[in-house]
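Working notes, beginning with the structure itself.
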Number of protein chains: 4
Amino acid sequence: MTRTGRPRSQQADEAILEATRQALVDLGWGGLTMSDVAARAGVAKTTLYRRWANKNELVVDAVAALFDELRLPDRGSLRADIEGVVLQFGRLLERPETKTALMAVVAESTGDEALRCRIREAIVDRQKHLVIAGRRHAQDRGELPPDDGADPTAEIDLIFDVIAGAVVHRVLVSGESVDGAWAAALAALILGGLAGTVA
Amino acid sequence: MTRTGRPRSQQADEAILEATRQALVDLGWGGLTMSDVAARAGVAKTTLYRRWANKNELVVDAVAALFDELRLPDRGSLRADIEGVVLQFGRLLERPETKTALMAVVAESTGDEALRCRIREAIVDRQKHLVIAGRRHAQDRGELPPDDGADPTAEIDLIFDVIAGAVVHRVLVSGESVDGAWAAALAALILGGLAGTVA
Amino acid sequence: MTRTGRPRSQQADEAILEATRQALVDLGWGGLTMSDVAARAGVAKTTLYRRWANKNELVVDAVAALFDELRLPDRGSLRADIEGVVLQFGRLLERPETKTALMAVVAESTGDEALRCRIREAIVDRQKHLVIAGRRHAQDRGELPPDDGADPTAEIDLIFDVIAGAVVHRVLVSGESVDGAWAAALAALILGGLAGTVA
Amino acid sequence: MTRTGRPRSQQADEAILEATRQALVDLGWGGLTMSDVAARAGVAKTTLYRRWANKNELVVDAVAALFDELRLPDRGSLRADIEGVVLQFGRLLERPETKTALMAVVAESTGDEALRCRIREAIVDRQKHLVIAGRRHAQDRGELPPDDGADPTAEIDLIFDVIAGAVVHRVLVSGESVDGAWAAALAALILGGLAGTVA
DNA sequence: CTGTAACCGAGACGGTACGTCATGTCTTAGG
DNA sequence: CCTAAGACATGACGTACCGTCTCGGTTACAG
């Protein structure tokens, strides 16, 4: 089977995603329209719909790219690692394109299993990996006990929900920023909690 | 200035809010339309717009009523109080009308200060009150030290963001349910954290 | 059954039909779009579609109004009556809005029985009435024999197809104008033909 | 200058024209699309556009081929010749591909001089030739006087507009078929008219 | 007990975005 | 140079919802 016909323009893809992010900043989720994105990207609506079936999927992909920048360098201690990831995630969520888009697509994903999967793959799993990496670093340093054979999934999920949930809630619901003091307080709470549950 | 003219129908209000919740269950946030709500409530669109300026405000009020049922009975220990409120909040969020609506209005509130205020008054403050009450109960029992004169706001906000954020994240983003075991684990983490920060 | 709701704007109807005729002059049949008509009429597309289901029906109604002006005053002789109606019909067809629209809707009416009916009622029957009236005038004057009891429908239809067809063909297909000389020649041919068939 | 490169496929031309006629039958003028014609002909759109600039020209050529079959055999009398050509033309117009296409391209030719020329060359002149031939036959037989030096163009055009117009109008506008009786009646009218104008 | 003012239903209104479709051009790989 | 395949920019399509408005008609309080 030979590939035939004109190939899709790769540069159109990136132009569309960038236009989507810019439109989110300017107009918010509710004001974002496919026509506007197409116009900003210098692309026809058809081209846009050929790649993404609807607004939700487009925005997920556009926003997902922002999560690529999340990293977990070894900062020398579990406390520093937690503070680092909290600050990083906080700064990411405070960007207007993330702020306006993330909750909206999560809301739309209720009752749309395909969208939920796309979000999980593109965004959630990428963050959860940070928790797993941080845990491994701490075990290597001896700050946390090594795996005892029990499944650590539940604990990882809990820590993930606490960290990500707290940051999301503070930024989007409470509407306050994530600064060093708050990050330190959250890290202290979690460290205490880990010590308490371990003991 | 005397109020004259035909008074507004009080039963229309409740019919509209109930119709809104039902429509959210059936159609989700994206599929909900004002016309549909009006039709379900047996009411003209005019009547609807006379009371709520737009979809967001209507949904906030419709959903806010659900949060009235949150209570913090004294369960005898801080641990039990936390587990109780986590389970209560989890069950509330797992209802389809809450699930689909809450994140959506939060998303819309980005860049809409009036909407953000309405959400804060109608929803957020109502939940935060639970944290404050639980803290006072624990102090009365001697589980937590009494106020030392320092402003406890920061600590209350942190605990609130952690509890509410973790529950929201688990239910809406991770897509898993809040059961007794998870509630116990979260309560344990927070209790350990409080002990650690206090010590 | 009581009439309820806001009544339709009668002035919108006429604005739309006039805008349609003007758009036909400017753009021709192929270039005419519903959006453009709506914009010219200062009316929303919805308003337009509420009244006419598609381009064809709209144009039929817009053009039909032009045929209202066709009259058959008694000019004193059958020859003069024929010449008069030929000239009138020729002038009507030479107007750009008629020229471009008439054949197009006739073409579309192939395979659309509803459209064919609409055309017949709104346009064709209105013209055929002129032939019937002219025949009666001529009988009153003694130029044609009175009805002998036989059905005159076939003869009327033939004369109608010859006159209307010849004018349409000359103007639209041959692309030449209908002037006095041509009208006289056509009238002479028909008068001769009538005499021949009668004799 | 030598012709180089791959030569055009001659069989593609006929496949396209035949596909066009078939598509006209199935979909009518309004429903006919270039993509569909290309698909039916098993040909790429590029190939189609390389030969015909647009839909109108393609359809003119596709339909014009049908007019090639018009003939005027000498049937022995002017009356028989007229009846013959009327019946022939009627049968041609009653074919669905002709019916739906002819008026449509005529309508489009309003305001498109190039298209008008193409129609005249491909279709109109081919028919008018029949009138000229019939006239010459009749003169040869002595049924009509020989040319007296005056320009017969006006008379030929009139007869042509009357015959072609009447047939077109009966079939397409009145929506009735051209049968022997009607053809005879039309022939009688024209013969009477010729006699009357000559006398 | 009659105004009158604000309410009510219904539904038409001007807008705007939707997602699809057809047009005519272009860019590939291959004949 | 032609061909098939198919992506491209453009722009109209007909639908749906928005939030406003205009109707005729309905309360309930005021004079």
Side-chain angles (χ1 to χ4, degrees), chain A residues 1-10 12 30-39 41-55, chain B residues 2-9 12 30-39 41-55, chain C residues 2-12 30-39 41-55, chain D residues 2-9 12 30-39 41-55:
Chain A
M1 159 91 193
T2 66
R3 272 266 164 245
T4 173
R6 178 172 172 176
R8 292 191 181 174
S9 158
Q10 295 98 324
L32 181 143
T33 71
M34 298 297 261
S35 302
D36 183 79
V37 170
V43 143
K45 269 200 300 176
T46 6
T47 300
L48 210 156
Y49 279 108
R50 205 173 286 122
R51 291 158 161 82
W52 291 278
N54 52 55
K55 197 161 129 172
Chain B
T2 65
R3 274 263 168 245
T4 176
R6 176 174 174 177
R8 293 188 180 173
S9 158
L32 182 143
T33 71
M34 297 297 260
S35 300
D36 183 81
V37 169
V43 145
K45 272 201 300 175
T46 332
T47 302
L48 209 157
Y49 277 107
R50 204 172 285 121
R51 290 158 163 83
W52 291 276
N54 53 54
K55 194 161 131 174
Chain C
T2 65
R3 271 264 164 248
T4 174
R6 178 172 171 175
R8 292 193 181 173
S9 158
Q10 294 98 324
Q11 73 192 67
L32 181 143
T33 71
M34 298 296 261
S35 302
D36 184 80
V37 169
V43 143
K45 268 201 300 177
T46 353
T47 301
L48 210 156
Y49 279 108
R50 224 188 309 274
R51 291 159 161 80
W52 291 277
N54 53 55
K55 197 161 128 172
Chain D
T2 65
R3 274 263 170 239
T4 173
R6 177 172 171 176
R8 291 190 181 176
S9 157
L32 181 144
T33 71
M34 297 297 260
S35 300
D36 183 80
V37 169
V43 145
K45 273 201 299 175
T46 331
T47 302
L48 209 157
Y49 276 107
R50 201 171 287 120
R51 290 159 162 84
W52 291 277
N54 53 52
K55 193 161 132 175

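Since we're looking at a predicted model, the values are computed, not measured.
- In terms of heavy-atom proximity, Ser35(D) sits nearest to Lys45(D) at OG-CD, 3.6 Å.
- A straight line from CZ of Arg8(A) to P of dA7(F) spans 6 Å, rounded to a whole angstrom.
- Summarising the geometry, atom CH2 belonging to Trp52(D) is positioned 9.0 Å from atom CE belonging to Met34(D); distances are rounded to the nearest 0.5 Å.
- Of all non-hydrogen atoms in Leu48(C) and Val43(C), the two that sit nearest each other are N-CG1, 4.3 Å.
- Position along DNA chain E of the nearest nucleotide to Asn54(A) versus Ala41(C) favours Ala41(C) as the more 5'-ward residue.
- Atom pair Gln10(A):CD and dA7(F):P shows a separation of 13 Å (rounding to whole Å applied).
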Pairwise N/O distances under 3.5 Å, protein to nucleotides 26-28 of chain F:
residue: dT26(F); atom: O2; partner: Arg6(B); partner atom: NH1; Å: 3.0

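- For the pair Leu48(B) CG and dC17(F) P, the interatomic distance rounds to 15 Å; values are reported in whole Å.
- Residues Ala38(D) and Ala44(D) share a closest heavy-atom pair of CB-C, 4.2 Å.
- In this structure, CZ of Arg51(D) is placed 17 Å from C1' of dG24(E), rounded to the nearest angstrom.
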Kindly give the atom pairs (protein nitrogen or oxygen, nucleotide nitrogen or oxygen) under 3.5 Å for nucleotides 9-13 of chain F.
residue: dA9(F); atom: OP1; partner: Gly42(A); partner atom: O; Å: 3.4
residue: dA9(F); atom: OP2; partner: Ala44(A); partner atom: N; Å: 2.9
residue: dA9(F); atom: OP2; partner: Thr47(A); partner atom: OG1; Å: 2.6
residue: dT10(F); atom: O4; partner: Thr46(A); partner atom: OG1; Å: 3.2
residue: dC13(F); atom: OP1; partner: Met34(C); partner atom: N; Å: 3.0
residue: dC13(F); atom: OP2; partner: Met34(C); partner atom: N; Å: 3.1
residue: dC13(F); atom: OP2; partner: Ser35(C); partner atom: N; Å: 3.3
residue: dC13(F); atom: OP2; partner: Ser35(C); partner atom: OG; Å: 3.4

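- Note that OH of Tyr49(A) is 8.5 Å distant from CG of Asn54(A), once rounded to the nearest 0.5 Å.
- Qualifying side-chain hydrogen bond (donor to acceptor under 3.5 Å, both in side chains) partners for Arg51(B), counting only residues two or more places apart in sequence or in other chains: Asp13(B).
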